[in-house]
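All remarks here apply to the structure that follows.
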Amino acid sequence: SAVISQKPSRDICQRGTSLTIQCQVDSQVTMMFWYRQQPGQSLTLIATANQGSEATYESGFVIDKFPISRPNLTFSTLTVSNMSPEDSSIYLCSVGGDSYLSEGYTFGSGTRLTVV
Amino acid sequence: AQSVAQPEDQVNVAEGNPLTVKCTYSVSGNPYLFWYVQYPNRGLQFLLKYITGDNLVKGSYGFEAEFNKSQTSFHLKKPSALVSDSALYFCAVRDSDNYGQNFVFGPGTRLSVLP
């Protein structure tokens, strides 16, 4: 399965600033996704990162707040913009191949974000 | 709509005893079911999945799960728990008859194996 490198692993940020999280995969993958895991809660899908086009956002998430880039089949970034303490979460990159709908995902190790 | 329930927030078991982490689901079509484990400060790791075939699925680290269609359940089991199994476990489901529908994750169950 693919190996994912996600950076940074953790950060403490001031409110009102932005943080960009990087997800690098060691092979070309069809699907890349960004998830949020709020403290003590399950995973919520933020968006699907589409190669060469705008990301597809889930209900409750907007591009202005969570801009996503996917310039190629091995790399994506998620930016958390104008942060507030409510954005403190673990952000996870996940990837899937052509059969991801039956094979499931591989997850990165996550970025633990604390906003103060 | 699809949904997943993990009725127990926390499961405690003594080392060497069998463990069960419960999962029930709701989909309109046929389910694809997954279990993931999250160790502290780590991402999620795939444990096992049910797509079709035998109802008893065997996965990583000695874990297995049984798909029960009539009870809409997919409970995770291990015959003999290890302290190192202590982690957060997530069940996920997808309706295989609804192409493009993404996975839904349960709320997670924290497993503590006591020495």
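Excluded from the calculations below are hydrogen atoms, water molecules and symmetry mates; all remaining heavy atoms, backbone and side chain alike, are included. Residue numbering restarts at 1 for every chain, and letters A, B, ... go by the order of the sequence lines.
No side-chain donor-acceptor contact under 3.5 Å links A:S42 to the backbone of B:G108. The main-chain N or O of A:Y105 is found under 3.5 Å from a side-chain atom of B:Y36 such that the two form a donor-acceptor pair.
Both B:L33 and B:V27 sit in one connected hydrophobic cluster of ILVMFWY residues. Membership requires side-chain heavy atoms under 4.5 Å apart, directly or through other members. When the side chains of ILVMFWY residues are joined at heavy-atom separations under 4.5 Å, either directly or via intervening members, A:F66 and A:V95 end up in two distinct hydrophobic clusters. Criterion: ILVMFWY side-chain heavy atoms under 4.5 Å apart, direct or through other members. Under it, B:Y39 and B:L19 are part of a common hydrophobic cluster. By the criterion of side-chain heavy atoms lying less than 4.5 angstrom apart, applied directly or through intervening Ile, Leu, Val, Met, Phe, Trp or Tyr residues, A:L19 is grouped together with A:I63 in one hydrophobic cluster.
In this structure the side chain of A:F107 never reaches within 4.5 angstrom of the side chain of B:F46, judged on heavy atoms. With contacts defined as side-chain heavy-atom distances shorter than 4.5 Å, the pair B:F105/A:Y35 qualifies.
At a 4.5 Å heavy-atom cutoff, the contact between A:L45 and chain B is made by side-chain atoms alone. Looking at A:E58, neither its backbone nor its side chain comes within 4.5 Å of chain B, counting heavy atoms on both sides. Contacts between B:Q6 and chain A at a heavy-atom distance below 4.5 Å are absent for every atom of the residue.
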Checklist entry - Where do A:T106 and B:L44 land on the side chain to side chain contact (heavy atoms under 4.5 Å, CB included) test, with the steps shown first? => result CA-CA 8 Å; A:T106 300; B:L44 273 71; over 6 Å; no
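Among residue pairs with one or both ends in residues 56-90 of chain A, none qualify as disulfide bond (SG atoms under 2.5 Å apart); sequence neighbours excluded.
With sequence neighbours excluded, the residues forming a ring pair (Phe, Tyr, Trp, His ring centres under 6.0 Å) with B:Y50 are B:F67, listed by chain and number.
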